[in-house]
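Take a look at the structure below.
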2 protein chains.
Amino acid sequence: MSFLETRKKQDYVIIIGCGRLGATLANTLSDNNGNVLIMDTDDSSFRRLSPNFGGLSIVGNGMDLNDLQEAQIPKASAVIAVTNHDNTNIMVAQLARDMFHVNKVIARLYDPERESVYQELGIDTICPAVLSAKEVDKFLDDFKKERRQ
Amino acid sequence: MSFLETRKKQDYVIIIGCGRLGATLANTLSDNNGNVLIMDTDDSSFRRLSPNFGGLSIVGNGMDLNDLQEAQIPKASAVIAVTNHDNTNIMVAQLARDMFHVNKVIARLYDPERESVYQELGIDTICPAVLSAKEVDKFLDDFKKERRQ
């Protein structure tokens with residue numbers, strides 16, 4: 001029985017893309033004892049993983065069905081697509097959702113204008129510009145309140 | 001008296017960098033009747049502003065003191081540095097804070113490892129990877145809770 005086969009479905013998260021966000025997520029999930037596999041087309045991107053990272057890292061393409069099978073996607077409870085390309089993330093998310101019936105699928109989208117379309121498809125989207133704008137807004141709000149006091 | 005001179009200090013926000021985040025912020029602030037000026041080195045980046053954008057957009061470099069003066073930085077209550085380059089954002093933030101004594105200074109940093117350093121300098125930082133990781137974490141937490149029910 002392989003390493004992955006011993007793991008329960010509900011614990012297993014696959015991350016596609018080991019950029020800053022992917023690596024941050026992988027490190028956090030691993031620190032919290034989650035079972036995580038991270039895939040990237042570029043081996044050198046795994047340098048972003050913490051030395052304590054306790055998950056698996058494999059070189060592969062999230063749009064390739066064989067690579068997804070190798071990552072044991074049918075066992076995954078969640079797939080998180082966070083490569084630097086919106087089109088790739090959406091394609092991975094749709095494969096995970098429609099072909100492999102993964103329950104929880106999350107994709108990063110740099111382009112906020114596409115967000116609503118994919119939310120209708122049942123894919124949760126993360127849009128860094130929107131999140132950052134909300135955070136700035138919070139800072140400015142707090143600042144205004146401070147000055148009023 | 002110029003357009004800007006008629007505005008009160010507490011209302012005036014300068015945004016450096018008209019990428020997705022800068023434009024989203026400028027549009028939001030303008031929609032909420034804020035006085036906002038956005039600066040970018042590249043004229044074509046202003047295409048991201050909404051047709052209803054009611055602020056000013058000027059071509060200039062946020063690291064150039066003359067350009068900052070032209071943007072009337074001494075009148076600004078807040079400066080938000082959101083170009084695509086961490087070093088530029090930090091330089092702009094430090095100029096705004098140390099030379100022009102702007103009360104509220106916010107910088108985007110792609111590299112989360114630098115965040116703590118700049119927070120010590122009194123500069124609020126926005127790190128998209130950290131914000132996005134928190135958002136994914138929230139999605140996964142909600143998902144776990146739903147399954148337990």
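To find a chain, count down the sequence lines: A is the first, B the second, and so on, and within it residues start at 1. Worth saying up front: this structure is predicted, and the values here are computed from it rather than measured.
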From CG (B/Leu25) to CD (A/Glu135), nearest 0.5 Å: 11.0 Å
SG of B/Cys127 to CZ of A/Arg20: how many Å apart, nearest 0.5 Å? 7.5 Å
Which atom names give the shortest non-hydrogen contact between [X] and [Y], and what distance separates them?
X	Y	answer
A/Ala129	B/Leu21	O-CD1, 3.4 Å
B/Ala133	A/Thr24	CB-CG2, 3.9 Å
B/Phe139	A/Lys104	O-CE, 3.7 Å

Picking from B/Asp137, B/Asp124, B/Leu140, which has the most non-hydrogen pairs under 4.5 angstrom with chain A? B/Asp124
Decide whether [X] and [Y] are clustered together by the hydrophobic rule: side chain heavy atoms of Ile, Leu, Val, Met, Phe, Trp, Tyr closer than 4.5 Å, transitively.
X	Y	answer
B/Tyr110	B/Val82	no
A/Val130	B/Ile126	no
B/Ile90	B/Met63	yes

Name the region of B/Asp111, side chain, backbone, both or neither, that has any atom closer than 4.5 Å to a heavy atom of chain A. both
If I measure from the heavy atoms of chain A, does B/Ile80 come under 4.5 Å with its side chain, its backbone, both, or neither? side chain
Is the shortest side-chain heavy-atom distance between B/Leu131 and A/Pro128 below 4.5 Å? no
